[in-house]
> 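Pasting a structure below so you can have a look.
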Amino acid sequence: MGKIFKQLARHWAACLAVVALLFVQAYCDLSLPDYTSRIVDTGIQQGGIESPLPETVRQSTLDALSLLMGEEDADALQNAYGYYLQDNGVLKLRSDLTDAERTALEEAVTTPDIVLYMAAAQNANATAGDEAEAMTATPAAEDLDAVCGQFAAMAQMPGFSREMIQQQLASAMEQVDETTLSSMASQATLLVSLEYEAQGVSHDVQMAYLFRVGGQMLALTLLMVVVAILVGLIASRVSASIGRELRRETFSSVIHFSNAEIENFSTASLITRTTNDIQQVQFTCVILLRMVAYAPILGIGGVMHVTQGNTGLAWIIVLDVAALLLLITVLMSIAMPKFKIMQTLVDKLNLVSREILTGVMPVRAFSRESFEEKRFDAASRELMGTQLFTNRAMVAMMPFMTLIMNGTSLLIVWFGGKAMDAGNMQVGEMIAFITYTMQIVMSFLMLAMVAVMLPRAGVAADRIDEVCRTKASIHDPDAATAKPALEKKDWDGVVRFEDVSFRFPGADSDALEHISFTANPGETTAIIGSTGCGKSSLLNLIPRFYDVTGGRVTIDGIDVREMPQEQLHSLLGYVPQKGVLFSGTIESNLKFGGAQITDAGMKKAASIAQATEFIDAKPAGYASPIAQGGSNVSGGQKQRLSIARAIAKDPKIYLFDDSFSALDYKTDVTLRRALKEETDNATVIIVAQRISTVLHANQILVLDDGRLVGKGTHAQLMATCPEYQEIARSQLSQKELNLQDLNTGKEDE
């Protein structure tokens, strides 16, 4: 996992921006339950009244409240309403009150509000004639007016004392228990509601509150949507950048690998690592930024909101979190080992698929379809079994999560109902508590889902890092030891093998032993021998596809290991044993050697390689498309295009690795004749299976089991080299041998 975070650290600025935006999103998300609670409790149940201190009040109600307060508080209350709002005597609360003054007035007016409302309720009961059931009738504005009138009359009676009323109130409150007092506290806002009803503005007050709080909720929701979109956009761009960088780094490493590193990883595994593994890391980076970073913020914020309340239900959250942690731990311990196996099985499936698809023609020719289907099915079933196990582990998590969430809701409703019955909680508070609890559960659910995905992504990141950390065994020399770079025209192209030995990595014996020869410009050096004797291996030492393990290979006296690979390869025109073409056009393939190749040079190379005839026969000519791997051209056409590609580069040294095997004899002879005229000043080294290809070479090297057993012209080898004689007799008739000897004698004369 550290490797994934290392990739994210490269984009630290974007990650910080995402985290900042997630805090904003979490703030909005965590604020919405509070607003919901306010709408339910205050906006609906309390008619939009937030404070026991009314914003507007009639003089009669204000005087009645003042009589139930101390003289100092009464004066402060009277001064708080500074002017008439209307001609009917309605007063408005001053807007210049400080928060401290407003809080003090709210505390002072709460008890008078309760007393005045209870008096109005008693008046309503008395009016209804139902004295047996006290406080059952709902008071109306007329009841409040009647009570206020009674208080005004009482204030005019002889012997009235404000202190006497205060003593009576204090004595009455001492008799009330805390539960009853808590339930009575809500009656303070009921008095304000009754006052607004008397003024005829109760509906307007409620709607104004609902629109204000609802508008704030809508604004927060829209802000949360915008932030979520920005987070998704930034996270997607960061993950896409990480995927692009990983692909570039991986491909850059692979493109510089020698054959030894390619064989060590296998082509199928490298393809999987460059595609599937990087996709896993890329997807995980998105999840990390969008979910893993958000889940702790949301969960911790939800816990803080829950613990700040006085609901007494915080123990449900503790129980909830403990159950979630236990579930995640169990699932991770079960699923983690399987994720490490899964990527290896993906490699195996890709390897089998690649082998079957590449060799589909031999499979059909040998009627092995059924066998290969079984082999593919076995690899597929093995991967399927592992995937089913991990998927079932993830699927099993959901029912348990649902059980925990529903069980939590049940506990909250059960104990929350008891709290509401006791007057310790309101409906909106319980709704908010349930919402916060679900947010906490969802945050753990997100972490659990990601925790199941992270092991596989961690394995994928390790596999990618393994490729990126692998250093190519063949690399350019240090600047201190590298030979000075020369222009291409300054090179002669003399290739010399000096007591060269070579052993494949991990092999027990040498593939080539003590090879020494010189290939000069203007001459053709041919290498021939039985299958597996090391001909291609010898040729591959010149472009440094492998490095020698003994002796050295030089060009113009400079060891190829002391030359930058780019300069070395600029001197070579290489035609592989198996013709390789790239998707594009004939022109793009012939100009593969560099932008310096002109159209004239391209066409000349095609003419020398005997490719002009079939190119001109195509409707689009040189613009004709070439499919991937050259699958839309024949083997001989592919080989001629590969030869033309090397000729178009105009190299100093030509390397032909059995590159004429797919050509018919006539085309072979014509091509080699045209090639000889073109390469008079170049060094030509040819690996061949057919002896007719090497008959006229200036120098023929005969290899047998990795050793040089013969060197010379055809005539010399026919006289001195038994191995060469055996090859010649196996391919040519006696008449052809005599004719070749006769022609060779005439050429010598």
Side-chain angles (χ1 to χ4, degrees), residues 251-259 262 472-498 500 518-525 536 538-548 552-577 579-582 584 587-606 608-609 641-657 659 675 678-687:
F251 187 76
S252 177
S253 297
V254 172
I255 205 69
H256 291 94
F257 281 171
S258 68
N259 290 1
I262 296 291
S473 57
I474 296 176
H475 49 78
D476 288 343
D478 296 334
T481 59
K483 299 298 182 181
L486 301 175
E487 295 291 335
K488 184 177 179 180
K489 59 183 178 61
D490 297 329
W491 292 87
D492 295 326
V494 179
V495 178
R496 181 173 287 109
F497 276 60
E498 301 176 3
V500 168
T518 301
N520 293 310
E523 296 181 355
T524 299
T525 298
S536 295
L538 185 148
L539 195 72
N540 289 338
L541 296 176
I542 300 173
R544 293 190 69 197
F545 295 158
Y546 293 100
D547 268 343
V548 299
R552 66 178 193 150
V553 178
T554 66
I555 296 178
D556 291 353
I558 299 176
D559 195 323
V560 293
R561 292 171 294 185
E562 298 176 358
M563 299 169 58
Q565 293 182 72
E566 183 177 357
Q567 185 180 57
L568 170 63
H569 296 155
S570 69
L571 303 174
L572 306 177
Y574 175 71
V575 184
Q577 186 173 9
V580 178
L581 298 181
F582 300 92
E587 180 180 359
S588 67
N589 274 274
L590 296 186
K591 291 184 176 181
F592 194 72
Q596 78 281 359
I597 300 174
T598 62
D599 290 344
M602 172 188 69
K603 293 178 180 179
K604 181 180 178 182
I608 295 170
L641 290 175
S642 298
I643 295 170
R645 179 174 58 196
I647 296 172
K649 189 179 177 182
D650 190 25
K652 290 290 185 179
I653 303 167
Y654 288 89
L655 305 176
F656 296 99
D657 188 359
S659 307
L675 184 63
E678 175 66 19
T679 59
D680 276 345
N681 297 321
T683 302
V684 180
I685 302 177
I686 300 175
V687 169

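Side chains are part of it too, since the values below use all heavy atoms of this structure and drop only hydrogens, waters and symmetry mates.
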> How many angstroms lie between CG in L538 and CZ in F497, if you round to the nearest 0.5 Å?
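Interatomic distance, L538 CG to F497 CZ, rounded to 0.5 Å: 4.0 Å.
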
> Within the structure provided, determine whether P651 and L571 are in side-chain contact (heavy-atom separation under 4.5 Å).
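They are not in contact (no side-chain heavy atoms under 4.5 Å apart), so the answer is no.
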
> What's the spacing between I558 CD1 and W491 CH2 if we round to 0.5 Å?
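It comes to 3.5 Å.
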
> According to side-chain contact (heavy atoms from CB on, under 4.5 Å), who are the partners of H569, at least two apart in sequence or on a separate chain?
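H569: side-chain contact (heavy atoms from CB on, under 4.5 Å) contacts with P543, Q565, L572.
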
> Say you draw a straight line from CZ of R561 to CG of L568; how long is it, rounded to the nearest 0.5 Å?
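R561 atom CZ to L568 atom CG measures 12.5 Å (nearest 0.5 Å).
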
> Only counting residues at least two apart or in another chain, list the ones meeting side-chain hydrogen bond (donor to acceptor under 3.5 Å, both in side chains) with N589.
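side-chain hydrogen bond (donor to acceptor under 3.5 Å, both in side chains) list for N589, sorted by chain: empty.
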
> I'd like to check the salt bridge (charged side-chain N to carboxylate O under 4.0 Å, His left out) partners of R496; sequence neighbours left out, ordered by chain and number.
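Testing R496 for salt bridge (charged side-chain N to carboxylate O under 4.0 Å, His left out), a comparison that skips the adjacent residues, returns none.
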
> Please name all residues satisfying salt bridge (charged side-chain N to carboxylate O under 4.0 Å, His left out) with E523, sequence neighbours left out, ordered by chain then number.
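E523 satisfies salt bridge (charged side-chain N to carboxylate O under 4.0 Å, His left out) with no other residue.
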
> Show your working on side-chain contact (heavy atoms from CB on, under 4.5 Å) between I597 and L590 and close with a plain yes or no.
CA-CA 9 Å; I597 300 174; L590 296 186; over 6 Å; no

> Which pair of heavy atoms, one from S659 and one from P576, lies closest together, and at what distance?
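Smallest interatomic distance, heavy atoms only, reads OG-O, 3.8 Å.
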
> Considering residues at least two apart in sequence or located in another chain, which fulfil the side-chain contact (heavy atoms from CB on, under 4.5 Å) criterion with D657?
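Counting only residues at least two positions away or on another chain, D657 forms a side-chain contact (heavy atoms from CB on, under 4.5 Å) with S536, L539, Y574, Q577, V687.
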
> Run the side-chain hydrogen bond (donor to acceptor under 3.5 Å, both in side chains) test against S253 and tell me which residues pass, sequence neighbours left out.
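With sequence neighbours excluded, S253 shows a side-chain hydrogen bond (donor to acceptor under 3.5 Å, both in side chains) to no residue whatsoever.
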
> For F251, enumerate each residue passing the ring-ring contact (aromatic ring centres under 6.0 Å, His included) test, keeping only those at least two apart in sequence or located in another chain.
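ring-ring contact (aromatic ring centres under 6.0 Å, His included) check on F251 returns nothing, list empty.
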
> Of all residues at least two apart in sequence or in a different chain, which pass the ring-ring contact (aromatic ring centres under 6.0 Å, His included) check with F656?
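Counting only residues at least two positions away or on another chain, F656 forms a ring-ring contact (aromatic ring centres under 6.0 Å, His included) with Y654, F660.
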
> Shortest non-hydrogen contact from D492 to D556?
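Looking at all heavy atoms of both residues, the closest pair is N-OD2, 2.7 Å.
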
> So how far is it from I686 CD1 to L675 CG, rounded to the nearest 0.5 Å?
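The CD1 atom of I686 sits 7.0 Å away from the CG atom of L675.
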
> Would you please name every residue forming a side-chain hydrogen bond (donor to acceptor under 3.5 Å, both in side chains) with N520, sequence neighbours left out?
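Checked N520 against side-chain hydrogen bond (donor to acceptor under 3.5 Å, both in side chains); zero matches.
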
> Once you round to the nearest 0.5 Å, how far does NZ of K652 lie from CG of N681?
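Result: 7.5 Å between the selected atoms.
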
> Mind checking what makes side-chain contact (heavy atoms from CB on, under 4.5 Å) contact with A605, not counting sequence neighbours?
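Once residues adjacent in sequence are excluded, the partners of A605 under the side-chain contact (heavy atoms from CB on, under 4.5 Å) criterion are A644, I647, A648.
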
> Please tell me if the side chains of V494 and T518 come closer than 4.5 Å, counting only heavy atoms from C-beta onward.
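They are in side-chain contact.
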
> Quick one: OG on S570 to CD1 on I653, what's the gap to the nearest 0.5 Å?
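Going from OG on S570 over to CD1 on I653, the span is 9.5 Å.
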
> Mind checking what makes salt bridge (charged side-chain N to carboxylate O under 4.0 Å, His left out) contact with K603, not counting sequence neighbours?
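In terms of salt bridge (charged side-chain N to carboxylate O under 4.0 Å, His left out), with neighbours along the sequence ignored, K603 is linked to no residue.
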
> With side-chain contact (heavy atoms from CB on, under 4.5 Å) as the test, would you mind laying out the steps for T525 and T683 before giving the verdict?
CA-CA 8 Å; T525 298; T683 302; 5.6 Å; no

> Could you tell me which residues satisfy side-chain contact (heavy atoms from CB on, under 4.5 Å) with S642, sequence neighbours excluded, listed by chain and number?
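Residues passing side-chain contact (heavy atoms from CB on, under 4.5 Å) with S642: V575, L581, R645.
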
> Taking atom CZ as the centre, does F545 end up with more than 12 heavy-atom neighbours from other residues, nucleotides or ligands that are less than 6.0 angstrom away?
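Yes.
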
